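Keep in mind the model is a prediction, meaning the values are calculated, not measured. In what follows, chains carry the letters A, B, and so on, assigned in the order in which the sequence lines appear, proteins first and then strands, with residues in each chain numbered from 1.
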Number of protein chains: 2
Amino acid sequence: MQESTRKVPKPTPERLATYLAALNDLIEREVHTIASRDIEKLTGINAAQFRKDLSYFGEFGRPGIGYDVQGLRDTIARILKVKEEQPVVLVGAGNLGTALLRYPGLMLQNFRIVAVFDNNYNKIGRRIADLEIQDIANLAEANKTHRARIGIITVPAPAAQDVANRLIDSGISAILNFAPTSLKVPSGVVVRNVDFVKELAVLAFHLSEESALS
Amino acid sequence: MQESTRKVPKPTPERLATYLAALNDLIEREVHTIASRDIEKLTGINAAQFRKDLSYFGEFGRPGIGYDVQGLRDTIARILKVKEEQPVVLVGAGNLGTALLRYPGLMLQNFRIVAVFDNNYNKIGRRIADLEIQDIANLAEANKTHRARIGIITVPAPAAQDVANRLIDSGISAILNFAPTSLKVPSGVVVRNVDFVKELAVLAFHLSEESALS
DNA sequence: TAGATTGTTAATCGATTAACAATC
DNA sequence: TAGATTGTTAATCGATTAACAATC
């Protein structure tokens with residue numbers, strides 16, 4: 001057995017999220033039991049890797065049998081802290097922010113955007129998907145009631161650091177940053193960056209050299 | 001010296017894209033020469049890492065001096081194949097697709113979305129940011145003229161595999177997939193996945209256990 | 001020459017996976 | 001019992017980084 005949650009490799013939580021999605025599918029297909037080998041077929045992640053990832057958190061399978069699908073789903077949801085709905089605040093009501101607000105996939109995984117903020121007075125007061133855009137100056141006050149701990153930044157790069165500071169001041173300790181800037185945050189605050197353009201650059205790198213001709 | 005491009009570690013191209021962005025900033029600030037140690041300060045990436053990443057492609061610095069900012073920028077742009085404009089096609093003219101079409105950051109890094117496709121007859125013929133939404137059935141035909149090799153998928157998950165197949169049939173060999181599905185593609189085709197919800201799940205995992213109370 | 005910084009070697013670190021005793 | 005599959009050990013693999021001779 002493992003002494004609580006020690007030394008979880010960095011890629012493990014992301015793989016857990018992959019397993020969770022696969023298990024949700026299996027539940028819909030009314031599959032009740034699954035072996036690590038089947039998870040490998042479904043996700044492409046090595047069966048030993050799957051078992052090792054789980055081993056950091058406990059023992060959830062039965063030798064010779066496999067895993068109970070529903071039970072494992074609940075376990076992983078608990079580990080990832082998405083068993084109960086996670087409130088999220090979003091700053092930046094532009095095209096991307098709007099797209100995220102309207103994205104149905106968030107709800108399916110128990111995330112709910114509970115408030116939207118912007119600093120543009122032409123936008124403040126408008127509604128997007130049931131939420132009224134609030135003045136960014138209200139952030140700290142508003143989050144006293146929402147108590148969200150996750151924030152999403154979809155503002156232009158030059159504004160991102162200021163927004164991050166405000167989020168942290170409002171009790172946010174996990175930030176999903178879509179601005180192409182690296183944020184400086186105190187320890188205890190986690191940041192994940194999503195950078196489309198960087199992804200495109202990596203893809204361009206992998207293009208073969210020749211095929212440009214013809 | 002290195003025998004051309006052999007055994008580049010997987011994380012290297014992504015770091016190259018980070019260096020490129022930093023160098024672009026330095027050019028704007030009219031800095032002419034830079035040492036690996038300064039790159040570390042700017043990007044947070046270890047100086048030895050930076051030098052090693054470059055070493056897979058050649059020797060670009062001068063001992064005792066550092067690197068020529070403009071020259072290194074051009075070199076990295078060439079390595080990433082973003083020296084000339086890269087045409088990109090996008091499939092899925094929903095909220096997210098629209099946001100990407102309007103995103104100014106793409107152009108700045110030499111990517112240009114040259115065509116948009118959808119299968120919804122209510123959308124086909126409309127315009128988003130100067131582009132007319134085309135019938136997905138036109139994809140192969142249209143790309144005979146555009147010759148894009150990179151495609152972006154912003155359709156709902158159940159449609160993503162079909163779209164990927166069509167993209168590949170149209171000569172696309174690099175795909176940026178925003179649908180939360182793992183695509184099956186032939187070897188020679190590269191896929192990068194962007195999954196917001198997975199990112200949020202990783203953030204939720206890192207939330208401290210206690211602070212839910214009060 | 002003295003000081004600075006590269007490119008690369010070699011040591012370290014961390015993550016993946018094959019193999020297998022334990023267990024159902 | 002025989003067959004299947006777990007959880008974990010140990011081997012392998014790959015990536016990071018400190019250290020330093022070579023170079024400006």
Side-chain angles (χ1 to χ4, degrees), chain A residues 1-19 22-23 26 31-73 75-76 79 202 205, chain B residues 1-19 22-23 26 31-73 75-76 79 202 205:
Chain A
M1 187 182 287
Q2 198 75 15
E3 195 201 289
S4 84
T5 308
R6 246 180 341 102
K7 253 201 4 158
V8 177
K10 282 217 213 80
T12 292
E14 194 164 341
R15 283 194 297 262
L16 289 175
T18 303
Y19 307 144
L23 291 164
L26 289 170
V31 177
H32 295 284
T33 302
I34 191 104
S36 59
R37 196 60 228 278
D38 301 319
I39 294 284
E40 174 165 352
K41 279 193 208 113
L42 249 51
T43 63
I45 298 168
N46 177 285
Q49 181 72 270
F50 168 75
R51 298 198 301 275
K52 190 143 236 281
D53 282 335
L54 292 178
S55 75
Y56 298 110
F57 306 98
E59 306 189 357
F60 308 109
R62 295 178 57 191
I65 311 288
Y67 301 80
D68 177 70
V69 172
Q70 180 70 56
L72 187 58
R73 204 277 303 255
T75 297
I76 294 180
I79 294 169
V202 175
F205 171 81
Chain B
M1 186 181 288
Q2 199 74 16
E3 194 201 289
S4 83
T5 308
R6 242 175 349 98
K7 255 200 6 157
V8 177
K10 281 216 214 80
T12 293
E14 193 163 342
R15 284 194 298 263
L16 289 175
T18 304
Y19 307 142
L23 291 164
L26 288 170
V31 178
H32 295 283
T33 302
I34 191 105
S36 60
R37 195 60 227 279
D38 301 319
I39 293 284
E40 173 165 353
K41 280 192 208 114
L42 248 51
T43 64
I45 298 168
N46 177 286
Q49 182 72 269
F50 168 76
R51 299 198 300 275
K52 189 142 236 280
D53 283 334
L54 292 179
S55 75
Y56 298 109
F57 306 98
E59 306 190 357
F60 309 109
R62 294 178 57 189
I65 310 289
Y67 301 81
D68 176 70
V69 172
Q70 180 69 57
L72 187 58
R73 204 277 301 257
T75 297
I76 294 181
I79 294 169
V202 174
F205 171 81

Using a heavy-atom cut-off of under 4.0 Å over every strand shown, decide if [X] touches base, sugar-phosphate, or nothing.
| X | value |
| --- | --- |
| B:Ala48 | base |
| A:Thr12 | nothing |
| B:Lys10 | sugar-phosphate |
| B:Phe60 | sugar-phosphate |

Taking only nitrogen or oxygen atoms into account, show me every contact under 3.5 Å that the protein makes with nucleotides 22-24 of chain C, one pair per line with its distance.
unit_1, atom_1, unit_2, atom_2, d
C:dC24, O4', A:Pro63, O, 3.4
C:dC24, O3', A:Arg62, NH2, 2.3

Exercise for the section: Starting from the 5' end of DNA chain C, give me the residue, B:Gly61 or A:Pro9, whose nearest nucleotide shows up first. Expected result: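 Result of the comparison: B:Gly61.
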
Specify the separation, in whole Å, of atom [atom1] of [X] and atom [atom2] of [N].
| X | N | atom1 | atom2 | result |
| --- | --- | --- | --- | --- |
| A:Leu54 | C:dA15 | CG | P | 17 Å |
| A:Ile39 | C:dT17 | CD1 | P | 16 Å |
| A:Lys52 | D:dT9 | NZ | P | 8 Å |
| A:Asn46 | D:dG7 | CG | P | 15 Å |
| A:Glu59 | D:dT5 | CD | P | 18 Å |
| B:Gln49 | C:dG14 | CD | C1' | 14 Å |
| B:Phe50 | D:dA15 | CZ | P | 19 Å |

Please report the shortest heavy-atom distance between [X] and [Y], naming the atom on each side.
| X | Y | answer |
| --- | --- | --- |
| B:Leu16 | B:Ile76 | O-CG2, 3.6 Å |
| B:Tyr67 | B:Ser36 | CE1-N, 4.2 Å |
| A:Tyr56 | A:Val8 | CB-CG2, 4.0 Å |

Problem - Among C:dT17, C:dT16, D:dG7, the nucleotide that comes nearest once only the side chain of A:Pro11 is considered - result: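 For the A:Pro11 side chain, the nearest candidate turns out to be C:dT16.
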
Handout entry: Nearest-neighbour nucleotide for the A:Arg51 side chain, D:dT16, C:dG7, C:dC20 considered
Key =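 Given the options D:dT16, C:dG7, C:dC20, the side chain of A:Arg51 is closest to C:dC20.
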
Problem - Side-chain donor/acceptor of B:Thr75 to backbone N/O of B:Gly71, under 3.5 Å - result: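 Yes, B:Thr75 side chain to B:Gly71 backbone: donor-acceptor pair under 3.5 Å.
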
Practice task
Hunt down the Watson-Crick or G-U wobble partner of D:dT23, both distances under 3.5 Å, from any strand shown, or write none.
Solution key: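 Answer to the pairing question: C:dA4, which forms a Watson-Crick or G-U pair with D:dT23.
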
